[in-house]
Amino acid sequence: MAAGEAFSAEQRARIDHAVGAAESATGLRFALRVGELDPEPRLQGERLLAHIAVGPREGVVVVLVSPGDRRVEIVSTPAARRRIPDHAAGLAILSMTSSFSVGDLVGGIVTGMRQLADVAGPPALSEVSAPGAIEGEVLPQT
Amino acid sequence: MPTRITAATASLLMLPALLADGGTRDDVNLIGNAYDPAPLSVVQILGLFVAIPLGLLLVIAIIVYVRRGGNGAYQYRPGRPWRFDSEWYGARPEDSDQPRMAMPGAGGASGSW
């Protein structure tokens with residue numbers, strides 16, 4: 001382990017806020033991981049996605065950032081893919097990597113999250129009425 | 001913010017000079033003249049040539065430290081190694097060893113820098 005911390009408390013707060021804002025603006029679940037990647041990042045992303053999402057109908061987006069490998073990977077469930085098409089995810093990756101390439105990890109993550117949230121847009125009404133469904137709970141119908 | 005700190009430090013450094021009086025005729029005689037300057041004491045020499053430069057060095061170091069944030073966070077530059085444990089933000093995978101089904105039709109994109 002390198003000495004010190006990867007991020008300062010303030011940087012962590014910014015990332016947390018960006019992820020939280022993206023989740024509340026879209027109703028999707030976002031999972032961001034900053035750390036080393038396997039030799040096959042795509043496979044790793046899909047495996048992690050399967051461990052986070054209950055099923056393909058749940059909107060989950062996994063973002064893997066590996067500063068050491070200089071690689072970023074976005075994986076989305078089929079439900080999330082309908083809201084964030086692959087080309088839009090590619091554009092988010094472009095803006096993230098342009099920040100990463102000048103050493104601005106936090107800025108890249110924040111803009112990437114914002115861009116993904118913008119593309120996805122607000123949640124559909126059916127999703128808003130049952131926020132508990134995100135956690136897999138069943139809410140009583142009134 | 002850093003500009004303001006620098007300006008404040010500069011004003012503080014100026015303060016003793018501003019507060020000191022202009023000096024009297026006797027002070028002028030104390031330093032001698034151009035052909036016969038009065039000798040400096042050891043304390044004066046140390047003060048002039050050691051304490052003041054060290055003080056300036058310290059002030060600059062403090063300004064640089066404050067501007068960086070001084071939080072000990074790693075300064076990432078592309079190509080530098082990243083040897084930290086992975087960190088999760090937002091949703092995270094459940095710690096279950098049971099294999100899950102693959103997710104057919106998963107989308108996404110990837111990139112490198």
Side-chain angles (χ1 to χ4, degrees), chain A residues 1-2 4-11 15-16 19-20 22-23 29-36 41-42 45-53 56 60 62 66-78 80-81 84-87 89-90 92-94 96-98 100-103 105, chain B residues 1-10 12 54 56-113:
Chain A
M1 289 297 109
E5 293 280 320
F7 297 114
S8 69
E10 190 244 341
Q11 289 175 321
I15 299 175
D16 266 330
V19 176
E23 288 190 332
R29 284 172 74 204
F30 285 84
L32 167 72
R33 179 183 181 272
V34 183
E36 272 182 54
R42 174 76 199 174
E46 287 187 16
R47 206 174 297 136
L48 288 169
L49 189 71
H51 274 274
I52 295 170
V60 178
V62 173
S66 174
D69 306 313
R70 287 195 251 174
R71 210 180 150 83
V72 55
E73 189 84 32
I74 295 179
V75 193
S76 53
T77 58
R81 190 185 192 180
I84 305 172
D86 290 352
H87 68 88
I93 288 217
L94 265 185
M96 288 170 95
T97 51
S98 59
F100 294 160
S101 62
V102 293
L105 281 181
Chain B
M1 180 70 182
T3 322
R4 232 182 299 157
I5 293 169
T6 318
T9 319
L12 273 179
L54 277 181
L56 277 175
L57 202 74
L58 200 70
V59 167
I60 293 168
I62 288 170
I63 291 171
V64 169
Y65 185 76
V66 167
R67 282 186 60 168
R68 272 209 190 144
N71 45 37
Y74 183 69
Q75 296 276 317
Y76 173 73
R77 292 283 175 271
R80 282 183 76 181
W82 185 266
R83 296 197 194 91
F84 300 100
D85 289 329
S86 57
E87 293 187 16
W88 282 95
Y89 297 88
R92 59 189 67 207
E94 297 154 19
D95 283 333
S96 62
D97 289 334
Q98 57 181 20
R100 291 283 189 104
M101 277 202 313
M103 190 80 67
S110 67
S112 53
W113 67 91

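Below, read A as the first sequence line, B as the second, and so on, with proteins coming before strands; counting in each chain starts at 1.
- In terms of non-hydrogen atom pairs under 4.5 Å with chain B, the most contact-rich of Val72(A), Val75(A), Thr97(A), Asp16(A) is Val72(A).
- Distance CH2/Trp113(B) to CE/Met96(A): 8.0 Å, rounded to 0.5 Å.
- Around atom CD of Glu87(B), more than 12 heavy atoms belonging to other residues, nucleotides or ligands sit under 6.0 Å away.
- Of the listed residues Val19(A), Leu32(A), Val62(A), the one with more heavy-atom pairs under 4.5 angstrom with chain B than any other is Leu32(A).
- Considering only heavy-atom pairs separated by less than 4.5 Å from chain B, the leading option among Gly103(A), Ser101(A), Pro67(A), Pro41(A) is Pro67(A).
- Heavy-atom pairs under 4.5 Å with chain A peak, among Gly90(B), Ser112(B), Pro81(B), at Ser112(B).
- With a threshold of 4.5 angstrom between heavy atoms, Ser66(A) approaches chain B through N, CA, C or O but not through any side-chain atom.
- Put simply, the side chain of Tyr76(B) never gets that close to the backbone of Leu105(A): no donor and acceptor are under 3.5 Å apart.
- For the pair Ala91(B) and Ile52(A), the tightest heavy-atom approach, listed with the atom from each and the gap, is CB-CG2, 4.0 Å.
- In terms of heavy-atom proximity, Ile93(A) sits nearest to Ala109(B) at CD1-O, 3.3 Å.
- Between chain A and the residues Gly108(B), Ser110(B), Gly107(B), the most heavy-atom pairs under 4.5 angstrom are made by Gly107(B).
- Proximity to chain B involves both the backbone and the side chain of Arg70(A), based on heavy atoms less than 4.5 angstrom apart.
- Only the backbone of Phe30(A) comes within less than 4.5 Å of a heavy atom in chain B; its side chain stays farther off.
- Of the residues considered (Thr77(A), Ile84(A), Val34(A)), Val34(A) shows the highest number of contacts with chain B, using heavy-atom pairs under 4.5 Å.
- Ring-plane geometry between Trp82(B) and Phe7(A) is classed as tilted, the angle between the planes lying from 30 to 60 degrees on a 0 to 90 degree scale.
- Here the straight-line distance linking atom CD1 of Ile15(A) with atom OH of Tyr89(B) works out to 4.0 Å at 0.5 Å rounding.
- For chain B, the nearby parts of Glu73(A) are the backbone and the side chain; heavy atoms of each come within less than 4.5 Å.
- At least one donor-acceptor pair under 3.5 Å links the side chain of Arg81(A) to the backbone N or O of Gly105(B).
- Taken to the nearest 0.5 Å, the CZ atom of Arg92(B) stands 12.0 Å off from the CG atom of Leu48(A).
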